[in-house]
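Structure incoming, see below.
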Amino acid sequence: MSNAKLISGICLLSFLIILAITGPAIAKAMFPNENALGIGAYPRYEPPSIKHPIGTDAGGVDAFALVLNSIWPSMVIGLLAGVTATFLGVIVGFTAGYIGKNVDTILRTFTDMVLVFPVLPLFLMMGTYITHWDLFKMSMLLGVFGWPFTARVIRAQVLSLRERPYIDLVKLSGENTFEIIFFELLPGLLPYVGFSLAMGTVGAMFTEAGLQLIGLGAQNLSTLGAMIGHGLSRGVIGIGLYGQMVVPAGILILLFLSLNLINMGLEEVFNPRLRTKIDVK
Amino acid sequence: MEILLGNLSRMEGAKVGTQLIVAYYRQLFGLDRPLYIQYFLFLRNVIFRGLDFGPSFMAYPNTARDLIFHQLPWTLGLFTGAMLISWLLGTIIGVFMGWLRRHKLTSLMTGITVLLQATPNYLLAIILIIYVGYLLKWLPPYGPYDNGLQPAFTWEFIHSLLLHMVLPMLSLVLVLGAGWAISMRSLMISILGEDYLLYAKARGLLPFEILKDYAFRNAMLPQLAALAITLGTTLTGTYIIEVIFHVPGLGDLFIRALGFRDYNVLQGIVLFSIFAVLTASLIIDLILPLLDPRIREFNE
């Protein structure tokens, strides 16, 4: 599989994952004997220096150490929500596509209903009511509203795969429904599932960061979005600590870029017409 | 609303007469009726009394409708403007990116658009604020217009308004436009593989004619459909941008109303958002057959 986009996306993503996992350790190594994340560890709003590459924030915490420690929670939220959304989407999509008829109609209507839900206002509202956010709650909520797209994609594919001759053959050879779904249909749809997973992850992280940015997300979570949001509300741009905005924003953008590249790569894998290499004179 | 009044009555419960006030307000807001009747009353007010969402709490006695209509033009202007500009630009760029897909410049452009498209607009907004607004000081970083100016049809006001709108627009247009360019590019490429283009070429048509009449027209249909869908669904996408740039639009109103637990205003905005999505999908269902003869012939 020589697909430049897919490969570069996976490389970038693995680099970021490694950074996310080793981040806390790097932060520890930079400040060997100090608790760089403790509130009031250093003076507040220190300008960037060799010791503090992007300065300190409103709580006197070293911002760079905070960034290194925030990548992992951001990723986990996205991934958990993405997995939830994909799981729900695959179940609904398969049920609708394989059983068909009335079940399909009902599920499709329901999917369309959830699809037009204005998710952002909904989350803004929930953000003010749910007082004790944790990582798990946040990602579950994001996941619960992220599945309709997956369901539609999977349903459409199942509908077309179901009619293929090899499925008739499999039915004749006596496999039951469960076996058909898991051993005959699902493997062919894996690129789509991967695609949906990446999409769901991007969507969840996008919403999470957006919520944090306007100060209505989970206040006690230390994600990259939360860091940008806190910076915005404390006005760090105004006093020249640009790094505290640009670095977390940049990492988020790279994360989105890598997932998008993987998405586009996967799309090219299952839709050969999109490949630019193929010559169509 | 129940919770709000409940708190009030508990908090002030000791004082004489407060219960009377609470009862009065309960009746005023129709809270003494069962929930389903409240819902029907709400629907009746919205449909038959000209979008009457009830009074706003934070700006009583102004109605929620007045507040919403007061701020709606900002959101509509910012969003529709950004959407149309980005769609036009993105489609044109995308056509050429698809047509000249083996050109060196094109692969550079593709790289840029992929990067831009992956960027969430609010992060781009922050980066624009920092570099253009604070470091280069070319444009005002936030606010709807200069402090001290009153909305009026004067050159001074319009000039200031336009200057202030450049950055929010830019952060929306760049991201959205990149998305349009990418989708148009892949549409073009998938159409370039069709047999009828080969035939057109064999008939000796000029490349420009093929591009204009054969490739572009067919690639347009899905792109137009996508425009209508996005026009509805991403209305809420500007909310965060509004908050970042302090633009007094619906997003700004929504956040303020949340702070005050102003349910009537919140309900109104959510209803508007859903309404926008449904209207857009209705329009697309009506318009698409006009553009695409295939849908008209077979009628699904």
Checklist entry - With a 6.0 Å cut-off on ring centres, are A/Phe206 and B/Tyr122 close enough? => result yes

Next on the checklist: Less than 4.5 Å to any heavy atom of chain B: does that hold for the side chain of A/Leu254, its backbone, both, or neither?
Outcome noted: neither

Next on the checklist: For B/Tyr196, I'd like to know if atom OH has over 12 heavy atoms of other residues, nucleotides or ligands within 6.0 Å.
Outcome noted: yes

Next on the checklist: Could you tell me if the side chain of B/Ile68 sits less than 4.5 Å from the side chain of B/Leu250, heavy atoms only?
Outcome noted: yes

Next on the checklist: Is it the case that the side chains of A/Glu208 and A/Ser74 hold a donor-acceptor pair, with the cut-off being a distance below 3.5 Å and no angle test?
Outcome noted: no

Next on the checklist: Is B/Ile255 in contact with chain A via its backbone, its side chain, both, or neither, using a 4.5 Å heavy-atom distance?
Outcome noted: side chain

Next on the checklist: If I take atom CG from residue A/Leu252 and atom OG1 from residue A/Thr223, how far apart are they, to the nearest 0.5 angstrom?
Outcome noted: 8.0 Å

Item to check | chain B contact via A/Ile228 - side chain, backbone, both or neither, heavy atoms under 4.5 Å | outcome: side chain

Next on the checklist: Heavy-atom cut-off 4.5 Å, strictly under: side chain, backbone, both or neither for B/Leu124 against chain A?
Outcome noted: neither

Item to check | Side chain / backbone / both / neither for B/Ile182 at chain A, heavy atoms under 4.5 Å | outcome: side chain

